[in-house]
Asker: 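The structure that follows is given in the form of structure tokens.
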There are 2 protein chains.
Amino acid sequence: MSKILHDKIEPRLLKGFRDILPMQMIARKQMIETVEKTLCLFGFLPLETPALEYADILLGKLGDEGEKLLYKFKDHGHREVAMRYDMTVPLARVVAQYSDLPMPFKRYQVGPVWRADNTQRGRYREFYQFDMDIVGTDAKLADAEILVTMQSSLQALGIKDFIIRVNDRKFLAQIAQAQHLTNDQTKAFYAGLDKFDKIGMTQVQEYWSHFGINAMQITAITNKLDEAVTSLNPLAETFALAHQLGLAKNLAKFDPYIVRGLDYYSGIVFETTLTNAPEYGSIFSGGRYDGLVGRFSNREYAAVGASIGVDRLLAALDSLQLTPTTSTTAKIYVTIFDDALLSKSLEITKLLRDQRVAVEMSYEPSKIGKQLKIASSKGIPLVIIIGPNEAIQDIVTLRNLVSGQEEELSHAQLLARLTPDD
Amino acid sequence: MSKILHDKIEPRLLKGFRDILPMQMIARKQMIETVEKTLCLFGFLPLETPALEYADILLGKLGDEGEKLLYKFKDHGHREVAMRYDMTVPLARVVAQYSDLPMPFKRYQVGPVWRADNTQRGRYREFYQFDMDIVGTDAKLADAEILVTMQSSLQALGIKDFIIRVNDRKFLAQIAQAQHLTNDQTKAFYAGLDKFDKIGMTQVQEYWSHFGINAMQITAITNKLDEAVTSLNPLAETFALAHQLGLAKNLAKFDPYIVRGLDYYSGIVFETTLTNAPEYGSIFSGGRYDGLVGRFSNREYAAVGASIGVDRLLAALDSLQLTPTTSTTAKIYVTIFDDALLSKSLEITKLLRDQRVAVEMSYEPSKIGKQLKIASSKGIPLVIIIGPNEAIQDIVTLRNLVSGQEEELSHAQLLARLTPDD
């Protein structure tokens, strides 16, 4: 067979796309598994939906801005298809499509979504979301359970200090109604609240007044918001339920300035910031969206859910030194001294793996110094050497690459030293 | 806020695409985690590459047939992009792109790939692959380790009876060369061998003769193949190494009729069939492909790898009753008797979750019979009831929905009965 010579193709990535190399993958997988375990404790079930959907399934609830960001194209059958933009719309489709799903349906889904966003804003075009939702009930207890699930997930990740800020879109809608705000004014009311963190109340009020909300209305609105914080928390019952389920009083609070951007929220809304890494913004947010399934079904399904921005939370965990910094899955590297002693190295490799100790082995004899360098470049902390002396005594030398210490150990001693990896 | 009424959009999937509903997802996740754990024992590292790549990265090694199946389109920046067709080409790109990856590089990657294939052949257009590869060494020991990794992965999944059939493309190339076959005849030689399982040797020989391979050549070829099986196994050294690493003699054998379709194989090739589910074909296959990275780099990297067809293996496991058949992550369902006793139910829910027992809870009081039906529809085997009697005595009733048995238990007795879920 002749070897075909190709022109070299430059190995490169599309803008806004990333490879997740092993060290980052190990941290990411550990984080995802930790949250998954927590969700299973709460009875959430895993679900997966396709990367590609009919475009009309994904369109319609994203707004003009969102639709521009869809990766949309015609497939081989000239169908208009699009890549998954989020996990919520596909969930709504699933609930409408499978009428025999036992309700309430508690599902989680983790995976990439795709948005052709401007990368200059530091955004990626492929990023991971981790969504958890309860569909089929409008009970306050479901809202409460979502809050507790969020707390447990973050605590399982080792995060102690965070604050879940919770508001109620119904409460905001009532204020807007009581002040007879027009639709546009109501939108401006929300948009202004959303800016509060960044610009403060004086400028929020100025913003409102641009939309014709008058001074009396602004005073009434501000009073209502203050009153809710100090005495009339509209979510008091939800909080009481959540506290009974374990929500710590200092980790969640009512905050009338939380709005969340998406149109489809209809009740509780929440955002979460890490006290010691506030610069990452909200890493865990969501709310109640009772109307979404109705796009696909004549039956209405109430729903509440939360979503982790996986990449953002990972970056925050990293800054808090809460991610593993290992670049290896093997904890021990078995060298090969020479061809004659190869079988000794294979024997010990097999022995360790049989005991479920994670081992990487050398593939060919070379100078031991060179093999130590390979182990070191891979970040594997321990190395086994079996030279002629070790072979005669049926022992191994265990070298710790961090401390530089070496010990001669029998097989039994070696096994006693190492704990299984799972 | 006025409610916008949309026309209903029919909830539906693209042809060849699937939702993975919870029961299938639980089985799939368990399988993937089991194989991942095995791979980590062997020192493989996780990697992830984007769903979208520049089209020219993916083109060129797939053949005309493969290129037709690529989901290819122009993105918002008018770049020709395509969805990942397999995991091997992206791996080759990664190895060429990051020159500081410590070699040999042992990585695994699991995830969906996309091919616009004909669905009438029972093929899906989005399906999962689980790939494991060793890049940067042409050592026979690496080939041997891949075989052992495959055995350990299948055994970890509970599969006892399977056969890994192994051949050497170099051995086949030598036969072709010795018989002075032309390039087209060599291709026909391979294609004929590939049909052996289905049509038998007589028809394979007929097939060869269509391409001008003469009777003498055919006899010589057949003799070489027979000789290799009975006495001159060209992979004897690789097998000896693999056996030292634990490969069972009855689970792998040399088979000169294994070819594998893809052009890029250059050495060892292998396929795996399950003895008790042969109808699923090869569920784990691969080989050595030393030239692939060279498309992207002036440096050559030898490489060997294996790939699991996740969906196919799952179907086979299912037929062997080796997949879990649970539709729930929660093992216990906590009912709510009435509003007055709600807090009792929340208390026990919290208590169990704190002990890492997976609990799903009711969200509102209703007739206990109705709540039992919900638990049953979800496949949750145990239910807790706390009515007025239980509340007074500070006990719970634990009902087994399978046996119908009920017991009254103190909190301590209940906890002693349940094992944590992780």
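Numbers restart at 1 for each chain; the letters A, B, ... are given by sequence-line order, proteins then strands.
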Asker: State, to 0.1 Å, how close A:Ser362 and B:Leu141 come at their nearest heavy-atom pair, and which atoms those are.
Answerer: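 So the minimum-distance heavy-atom pair works out to O-CD2, 3.6 Å.
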Asker: Is it the backbone or the side chain of A:Leu69 that comes under 4.5 Å from a heavy atom of chain B, or both, or neither?
Answerer: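 Backbone of A:Leu69 only, per the 4.5 Å heavy-atom cut-off to chain B.
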Asker: Hey, which of B:Ala92, B:Ala144, B:Pro102 has the most heavy atom pairs under 4.5 Å with chain A?
Answerer: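 The answer is B:Pro102.
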Asker: Quick one, A:Glu10 and B:Phe296 - any side-chain contact, counting heavy atoms below 4.5 Å?
Answerer: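 Of all side-chain heavy-atom pairs linking B:Phe296 with A:Glu10, none is under 4.5 Å.
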Asker: Quick one: what part of A:Leu47 sits under 4.5 Å from any heavy atom of chain B, side chain, backbone, both or neither?
Answerer: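 Its backbone and side chain both get close to chain B.
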Asker: Examine whether an atom of A:Val95 lies under 4.5 Å from a heavy atom of chain B, and if so say whether it belongs to the side chain, the backbone or both; otherwise answer neither.
Answerer: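 Nothing of A:Val95, per the 4.5 Å heavy-atom cut-off to chain B.
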Asker: With a 4.5 angstrom heavy-atom cut-off, could you sort out which part of A:Ile336 is near chain B: side chain, backbone, both or neither?
Answerer: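 Answer is side chain: those atoms of A:Ile336 sit under 4.5 Å from chain B.
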Asker: Sort B:Tyr124 into side chain, backbone, both or neither according to what part of it lies under 4.5 angstrom from a heavy atom of chain A.
Answerer: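 Contact with chain A: none, neither part.
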Asker: Select one option (side chain, backbone, both, neither) describing which atoms of A:Leu352 are under 4.5 Å from chain B's heavy atoms.
Answerer: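 It is neither, since no heavy atom gets under 4.5 Å.
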Asker: Between atom NE2 of B:His76 and atom CG of A:Asn118, what is the distance when rounded to the nearest 0.5 Å?
Answerer: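 Result: 12.0 Å between the selected atoms.
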Asker: In chain order, what residues pass the side chain to side chain contact (heavy atoms under 4.5 Å, CB included) check against B:Met23, with sequence neighbours excluded?
Answerer: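 For B:Met23, the residues satisfying side chain to side chain contact (heavy atoms under 4.5 Å, CB included) (neighbours in sequence not counted) are B:Thr325, B:Ser327.
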Asker: Give the member of A:Lys350, A:Lys15, A:Arg18, A:Arg353 that has the highest number of heavy-atom pairs under 4.5 Å with chain B.
Answerer: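 Looking at each option in turn, the highest pair count goes to A:Arg353.
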Asker: About how many Å separate CD of A:Glu360 and SG of B:Cys40, when rounded to the nearest 0.5 Å?
Answerer: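 Rounded to the nearest 0.5 Å, the SG-CD separation comes to 11.5 Å.
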Asker: Apply salt bridge (Lys or Arg N to Asp or Glu O under 4.0 Å) to the pair A:Arg12 and B:Glu53, showing each step before the final yes or no.
Answerer: CA-CA 8 Å; A:Arg12 67 210 193 281; B:Glu53 299 254 10; over 6 Å; no
Asker: Quick one: closest heavy-atom pair of A:Thr328 and B:Leu45, and the distance?
Answerer: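 That would be CA-CD2, 3.6 Å.
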Asker: For atom CD of B:Gln177, is the number of surrounding heavy atoms from other residues, nucleotides or ligands below 6.0 Å larger than 12?
Answerer: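 At most 12 heavy atoms, drawn from other residues, nucleotides or ligands, come within 6.0 Å of this atom.
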Asker: According to the interplanar angle, ranging from 0 to 90°, do the rings of B:Phe73 and A:Phe73 count as parallel (below 30°), tilted (30 to 60°) or perpendicular (above 60°)?
Answerer: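 Rings of B:Phe73 and A:Phe73: parallel, under 30°.
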Asker: Which atoms of B:Ser343 are under 4.5 Å from chain A, going by heavy atoms: the side chain, the backbone, both sets, or neither?
Answerer: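 Both parts, backbone and side chain.
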Asker: Heavy atoms, side chains only, cut-off 4.5 Å: are A:Gln244 and B:Glu347 in contact?
Answerer: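 Sidechains of B:Glu347 and A:Gln244: no contact.
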Asker: I need the minimum non-hydrogen distance between B:Trp114 and A:Ala51, along with the two atoms involved.
Answerer: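 Closest approach of B:Trp114 to A:Ala51, heavy atoms only: CZ2-CB, 3.5 Å.
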Asker: Under a 4.5 Å cutoff for heavy-atom pairs, which residue among B:Tyr98, B:Phe44, B:Tyr333 has the most contacts with chain A?
Answerer: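 Answer, by heavy-atom pair count under 4.5 Å with chain A: B:Tyr98.
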Asker: Would you give the length of the straight line joining atom NZ of B:Lys72 to atom CG of A:Asp75, rounded to the nearest 0.5 angstrom?
Answerer: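 Reported to 0.5 Å precision, the distance equals 14.0 Å.
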Asker: Would a 4.5 Å heavy-atom cut-off, applied to side chains only, mark A:Val357 and B:Leu41 as touching?
Answerer: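 When only atoms from C-beta onward are counted, B:Leu41 and A:Val357 do not touch, as no gap falls below 4.5 Å.
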Asker: With a 4.5 Å heavy-atom cut-off, do A:Leu52 and B:Glu126 have their side chains touching?
Answerer: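 Counting from C-beta outward, A:Leu52 and B:Glu126 never come under 4.5 Å.
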Asker: Do side-chain atoms of B:Lys8 reach the backbone of A:Asn298 as a donor and acceptor pair under 3.5 angstrom?
Answerer: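 Checked: no pair found.
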Asker: I need the minimum non-hydrogen distance between A:Leu13 and B:Tyr54, along with the two atoms involved.
Answerer: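 Scanning both residues, the minimum pair turns out to be O-CE1, 3.6 Å.
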Asker: Between B:Thr49, B:Asp56, B:Thr137, who has the most heavy-atom pairs with chain A when the cutoff is under 4.5 Å?
Answerer: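 Option with the top pair count is B:Asp56.
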Asker: Examine whether an atom of B:Ser266 lies under 4.5 Å from a heavy atom of chain A, and if so say whether it belongs to the side chain, the backbone or both; otherwise answer neither.
Answerer: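 When you check distances to chain A, no heavy atom of B:Ser266 falls under 4.5 Å.
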Asker: Taking atom CG of B:Leu39 and atom OG1 of A:Thr329, what is their separation to the nearest 0.5 Å?
Answerer: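 Separation between the atoms: 8.5 Å.
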Asker: What part of B:Thr349 is in contact with chain A, defined as an atom under 4.5 angstrom from a non-hydrogen atom: side chain, backbone, both or neither?
Answerer: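 Only the side chain of B:Thr349 comes within 4.5 Å of chain A.
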Asker: Applying side-chain contact (heavy atoms from CB on, under 4.5 Å), run through A:Leu245 and B:Met361 and close with a yes or a no.
Answerer: CA-CA 11 Å; A:Leu245 278 173; B:Met361 64 179 187; 3.4 Å; yes
Asker: What's the spacing between B:Met83 CE and A:Met83 CE if we round to 0.5 Å?
Answerer: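 If we round to the nearest 0.5 Å, B:Met83:CE and A:Met83:CE are 4.0 Å apart.
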Asker: Is a side-chain N or O of B:Lys140 found less than 3.5 angstrom from the main chain of A:Tyr363, in a donor-acceptor match?
Answerer: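 Not a single qualifying donor-acceptor pair exists.
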Asker: So which heavy atom on B:Leu14 is nearest to which on A:Arg79, and how close?
Answerer: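 Minimum heavy-atom separation between B:Leu14 and A:Arg79: CD2-CD, 3.8 Å.
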Asker: Return the option, out of A:Ser152, A:Ala358, A:Ser377, with the maximum number of heavy-atom pairs under 4.5 Å with chain B.
Answerer: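 Heavy-atom pairs under 4.5 Å are most numerous for A:Ala358.
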Asker: Less than 4.0 angstrom from a charged side-chain N to a carboxylate O is my criterion; do B:Glu36 and A:Lys29 meet it?
Answerer: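 The answer is yes: the pair qualifies as a salt bridge.
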Asker: Chain A heavy atoms under 4.5 Å from B:Pro90: which part of the residue, side chain, backbone, both or neither?
Answerer: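 B:Pro90 has no heavy atom closer than 4.5 Å to chain A.
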Asker: Taking A:Asp354, A:Leu181, A:Leu21, A:Ile380 one by one, which has the highest count of heavy-atom pairs under 4.5 Å against chain B?
Answerer: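 It is A:Leu21.
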Asker: Is any side-chain heavy atom of B:Lys378 closer than 4.5 Å to a side-chain heavy atom of A:Phe105?
Answerer: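 No, side chains not in contact.
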Asker: If you count heavy-atom pairs under 4.5 Å with chain A, which of B:Met25, B:Glu48, B:Glu33 comes out on top?
Answerer: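 Highest number of pairs under 4.5 Å: B:Glu48.
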Asker: Between B:Gly77, B:Ser297, B:Pro112, B:Gly111, who has the most heavy-atom pairs with chain A when the cutoff is under 4.5 Å?
Answerer: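 Maximum pair count with chain A is reached by B:Ser297.
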Asker: Specify which of B:Ala139, B:Gly379, B:Gly246, B:Pro11 makes the most heavy-atom pairs with chain A at under 4.5 Å.
Answerer: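 It is B:Pro11.
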Asker: Where does B:Leu342 contact chain A at under 4.5 Å (heavy atoms): side chain, backbone, both or neither?
Answerer: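 Just the side chain, heavy atoms under 4.5 Å.
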Asker: Based on non-hydrogen pairs under 4.5 Å, which of A:Ala176, A:Ala240, A:Ala116 is most in contact with chain B?
Answerer: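 Highest number of pairs under 4.5 Å: A:Ala116.
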Asker: Is B:Pro46 in contact with chain A via its backbone, its side chain, both, or neither, using a 4.5 Å heavy-atom distance?
Answerer: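 Contact with chain A: backbone and side chain both.
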Asker: For A:Pro50 and B:Asp19, work out which heavy atoms get closest and say how close.
Answerer: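 Scanning both residues completely, I find the closest heavy atoms to be CD-OD1, 3.3 Å.
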